[in-house]
Amino acid sequence: RLLPIEAERLMGFPDNHTRIPWRGLPQEKCPDAPRYKACGNSMAVNVMSWIGRRIQMVENSIASHEAIGNPEKTNE
């Protein structure tokens, strides 16, 4: 089983990113279960970053084609 800090690293979070005050306890006493849940309910930072860059690349490509007067033809 992974430690919470290992799960955070796999998700691309900084160390102890999910260690927060919990139900009146200080962050140092945050139990592991909510930390695992926070990682499980999130999306990997590096994957979301990659998807965003790919979307931007396509948007830039479309804009450059339109700028030079060569929009792609669509069958409507």
What pairs of residues pass the ring-ring contact (aromatic ring centres under 6.0 Å, His included) test when at least one of them lies in residues 5-29, not counting sequence neighbours?
->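 Counting only pairs at least two positions apart or across chains, the ring-ring contact (aromatic ring centres under 6.0 Å, His included) contacts touching residues 5-29 are Phe13-His17.
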
Applying side-chain hydrogen bond (donor to acceptor under 3.5 Å, both in side chains), can you list everything that pairs with [X], at least two apart in sequence or on another chain?
{"X": "Ser42", "result": "none"}
{"X": "Asn16", "result": "Arg35"}
{"X": "Gln56", "result": "Asn60"}
{"X": "Arg1", "result": "none"}

Quick one: do Met43 and Val45 end up in the same hydrophobic cluster if we chain Ile, Leu, Val, Met, Phe, Trp and Tyr together by side-chain heavy atoms under 4.5 Å apart?
->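 Met43 and Val45: separate clusters.
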
Given a cutoff of under 4.5 Å between side-chain heavy atoms of I, L, V, M, F, W and Y, with clusters grown through shared members, what are the other residues clustered with Ile5?
->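 Cluster partners of Ile5: Leu3.
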
Sequence neighbours excluded, which residues qualify as salt bridge (charged side-chain N to carboxylate O under 4.0 Å, His left out) partners of Arg19?
->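 If we apply the salt bridge (charged side-chain N to carboxylate O under 4.0 Å, His left out) test to Arg19, skipping adjacent residues, there are no hits.
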
In chain order, what residues pass the salt bridge (charged side-chain N to carboxylate O under 4.0 Å, His left out) check against Asp15, with sequence neighbours excluded?
->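 Salt bridge (charged side-chain N to carboxylate O under 4.0 Å, His left out) check on Asp15 returns Arg9.
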
Not counting sequence neighbours, which residues clear side chain to side chain contact (heavy atoms under 4.5 Å, CB included) with [X]? List them please.
{"X": "Arg54", "value": "Trp50, Met57"}
{"X": "Leu2", "value": "Glu6, Leu10"}
{"X": "Glu28", "value": "Pro26"}

Distance-minimising heavy-atom pair for Pro34 and Cys30 |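 Closest heavy-atom pair between Pro34 and Cys30: CG-SG, 4.4 Å.
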
For Tyr36, ring pair (Phe, Tyr, Trp, His ring centres under 6.0 Å) partners two or more places apart |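 Listed in chain order: nothing, the list is empty.
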
